[in-house]
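Remarks on the structure that follows.
First listed ligand is number 1; within each ligand, the first listed atom is number 1. Below, all heavy atoms of this structure are taken into account, side chains as well, without hydrogens, waters or symmetry copies. For reference, positions follow the sequence shown, starting with 1.
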Amino acid sequence: MNVQEVLRFADDMVFAKTGEHLEDLQKAILLGVWKGQKYSKIAEESHCTEGHVRNVASELWQLLSDVLGENVNKLNFRSALERSQFAYFSNYGKNSLQIGNVNVCDNSLQAPEIPKTRSPSAPTSDISKPQTRLDLADAPHISSLCDRTSELATLEKSIVQDKCNLAAILGISGIGKTALSLHLIQKVQHNFECVIWRSLRHSPPLETTLKNLLEFLLNKPQIELSSSIPDRLSLLMEYLRNNRCLIIFDDVQSILSSGQLAGNYRPECENYSILFRQIGETTHNSCLILNSWEPPREITALKGENSPVRTLQLKGIGTAATEILRQKSLLNPEKGDNLINTYRGNPLWLKIVANTIQEIFRGRVADFLKYDRLFLGEELAAILYPQINRLSELEKKLICRLSREANSVSIEQLLQNADLSPSELFNGLQSLGRRSLVEIEEQENETLFSVCPVVRQYVLSNPLC
Ligand SMILES: Nc1ncnc2c1ncn2[C@@H]1O[C@H](COP(=O)(O)OP(=O)(O)O)[C@@H](O)[C@H]1O
Ligand SMILES: [Mg+2]
């Protein structure tokens, strides 16, 4: 939670209880205390006396104690708010939620229609507006996020300002798609009447997904729906036109097929393409976010900077991952640059390797790095297995070829003894790129391709072809 999110959350909670927003000095106190400032410093910056700040602060702690239902003071306000916000996110899934003494979510029936002209930057806690209905029962717990400021800003702009209809957050497993979208919800939920999270991990048929969405959106759990998919689809589209909803589908790769180039559907899930097309191509007020290892076909075809369909290819978090090493109690985490680079700033890979360093080397990163062979334990191999195993034969051939190279190679070099025609090579490279499994760099007007060290190690030790 960053300080702006804290201020907004505190303001919303206070508003929900009292009907009044926090005053400027109250916000300055929260901001100052968050930064570790003394009351005297806050008073100086707010141009008032320290005594006045103390009095206002004391009333503020009392107010927050009432709102959150626990004793809040200068020392614990940060953790108290984080705890409450965590509860807000992880307990939802029913139709309302009580935090302390405040009923955060409206339990009303269907959300009223919002005019298309609604300003995205309008104040979020206007009493005349309905509060956001959330269904995050399917979502994992939210945890702290290192960095990702620019990714969050890009997504917020696409979704709130540009009002895009369909967005895909793409990237290899563990890179942080789920975590990022949970934080995104926190940031943008006030712009929506409904926010709903669904995991597609078990490849649900489209009709089940549509039923599930409609039951929540229409707020009628036992609704009798037509069994026809087109009928359900048109009911959903009508709702998305008349209301502003944010839908997140997580683990979308599960409805896509293995053994083919990236982006093709499993035969029984092929009709999701109709849903994605309708959401991406028609005019409505809502937004669907897809988290996936690879973009479904429609996304690739429809995306564009001026299009209502956007993609964000997530990369590693770079040196910000030092914080992950610190949280894992590694010694001298600031010397972990080498480690972060080898594991490409992938938060999950780094968490796994940090556990190994903790368990075997008592947290000494330097000792672990003495062994130059990249360590790929069973846990990491199990994470990579489904991603590599689902590749088409063509991609398997190509990734083996790339992994045998110590350095990046050009298309010309690849063609020399890859036993592939140019068109096979282009298809294979493009597909591996969409799956974030090849790294591409430009050197002296030449494009070079390689495989990152972890994937390379996996491929070399688990022959695919
Ligand atoms: N920016 C980040 N900072 C710290 N931890 C992160 C970050 N992104 C992801 N994580 C953590 O890494 C793990 C994998 O993230 P997750 O979002 O599940 O990845 P994905 O959905 O891409 O497979 C989780 O434990 C998550 O909390
Ligand atoms: Mg995920």
Side-chain angles (χ1 to χ4, degrees), residues 1-2 5 82 85-86 89-90 136-156 167-187 197-204 247-256 262 288-296 299 311-330 333 336 339-341 343-356 358 377 379-390 434-437 452 454-455 458:
M1 225 176 163
N2 65 35
E5 288 163 349
E82 282 185 335
Q85 213 221 15
F86 180 76
F89 267 83
S90 54
L136 304 180
D138 225 11
H141 288 317
I142 189 164
S143 52
S144 63
L145 198 69
C146 312
D147 196 17
R148 295 296 189 210
T149 320
S150 75
E151 289 86 349
L152 279 170
T154 304
L155 287 166
E156 189 177 10
I169 303 178
L170 306 168
I172 201 162
S173 179
I175 203 74
K177 303 176 291 297
T178 301
L180 180 67
S181 38
L182 284 168
H183 282 260
L184 178 68
I185 293 175
Q186 258 185 325
K187 252 179 138 34
W197 176 289
R198 286 291 174 265
S199 167
L200 303 189
R201 180 172 304 140
H202 301 297
S203 325
I247 303 172
I248 298 100
F249 284 171
D250 200 29
D251 282 322
V252 170
Q253 69 280 346
S254 302
I255 59 164
L256 302 177
L288 171 65
I289 296 178
L290 308 177
N291 292 338
S292 181
W293 295 347
E294 61 191 73
I299 299 284
T311 58
L312 177 70
Q313 191 95 32
L314 270 194
K315 304 221 175 332
I317 57 174
T319 49
T322 308
E323 184 54 31
I324 293 182
L325 306 184
R326 189 167 291 124
Q327 282 166 8
K328 289 282 179 185
S329 307
L330 296 195
L339 191 71
I340 292 172
N341 184 36
Y343 290 84
R344 292 299 192 253
N346 182 307
L348 183 62
W349 295 357
L350 282 164
K351 279 183 173 184
I352 291 172
V353 76
N355 285 342
T356 306
Q358 191 51 258
E379 217 177 324
L380 204 39
I383 288 168
L384 289 171
Y385 171 79
Q387 289 169 89
I388 307 289
N389 199 46
R390 70 194 261 127
R434 287 178 183 169
R435 298 182 200 270
S436 313
L437 287 173
C452 81
V454 171
V455 174
Y458 177 90

**Study point:** From CA spacing to verdict: side-chain contact (heavy atoms from CB on, under 4.5 Å), L184, I289
**Key:** CA-CA 11 Å; L184 178 68; I289 296 178; 3.5 Å; yes

Exercise for review: Report the C-alpha distance between I340 and I324 in whole Å, list the side-chain angles of each, state the deciding distance to 0.1 Å, and finish with yes or no for side-chain contact (heavy atoms from CB on, under 4.5 Å).
Suggested key: CA-CA 10 Å; I340 292 172; I324 293 182; over 6 Å; no

Exercise for review: Output, in order, the C-alpha distance, side-chain angles, deciding distance and verdict of side chain to side chain donor-acceptor pair (under 3.5 Å) for D138 and S199.
Suggested key: CA-CA 6 Å; D138 225 11; S199 167; 5.1 Å; no

Review point. Would you say Q313 has more than 12 foreign heavy atoms packed within less than 6.0 Å of its CD?
Key: yes

Study note, to complete from the structure: Close residues (non-hydrogen atom under 4.0 angstrom from ligand 1) work out to S143, S144, L145, C146, R148, I172, S173, G174, I175, G176, K177, T178, A179, I317, I324, P347, L348, K351

Review point. Would you say T178 reaches the Mg ion (ligand 2) with an N/O/S atom under 2.8 Å?
Key: yes

Check your understanding: Would V353 and L380 count as a side-chain contact (heavy atoms from CB on, under 4.5 Å) if you check the C-alpha gap in whole Å, the side-chain angles of each, and the deciding distance to 0.1 Å?
Key -> CA-CA 8 Å; V353 76; L380 204 39; 5.7 Å; no

**Study point:** Salt bridge present between E294 and R435 (N-O < 4.0 angstrom)
**Key:** yes

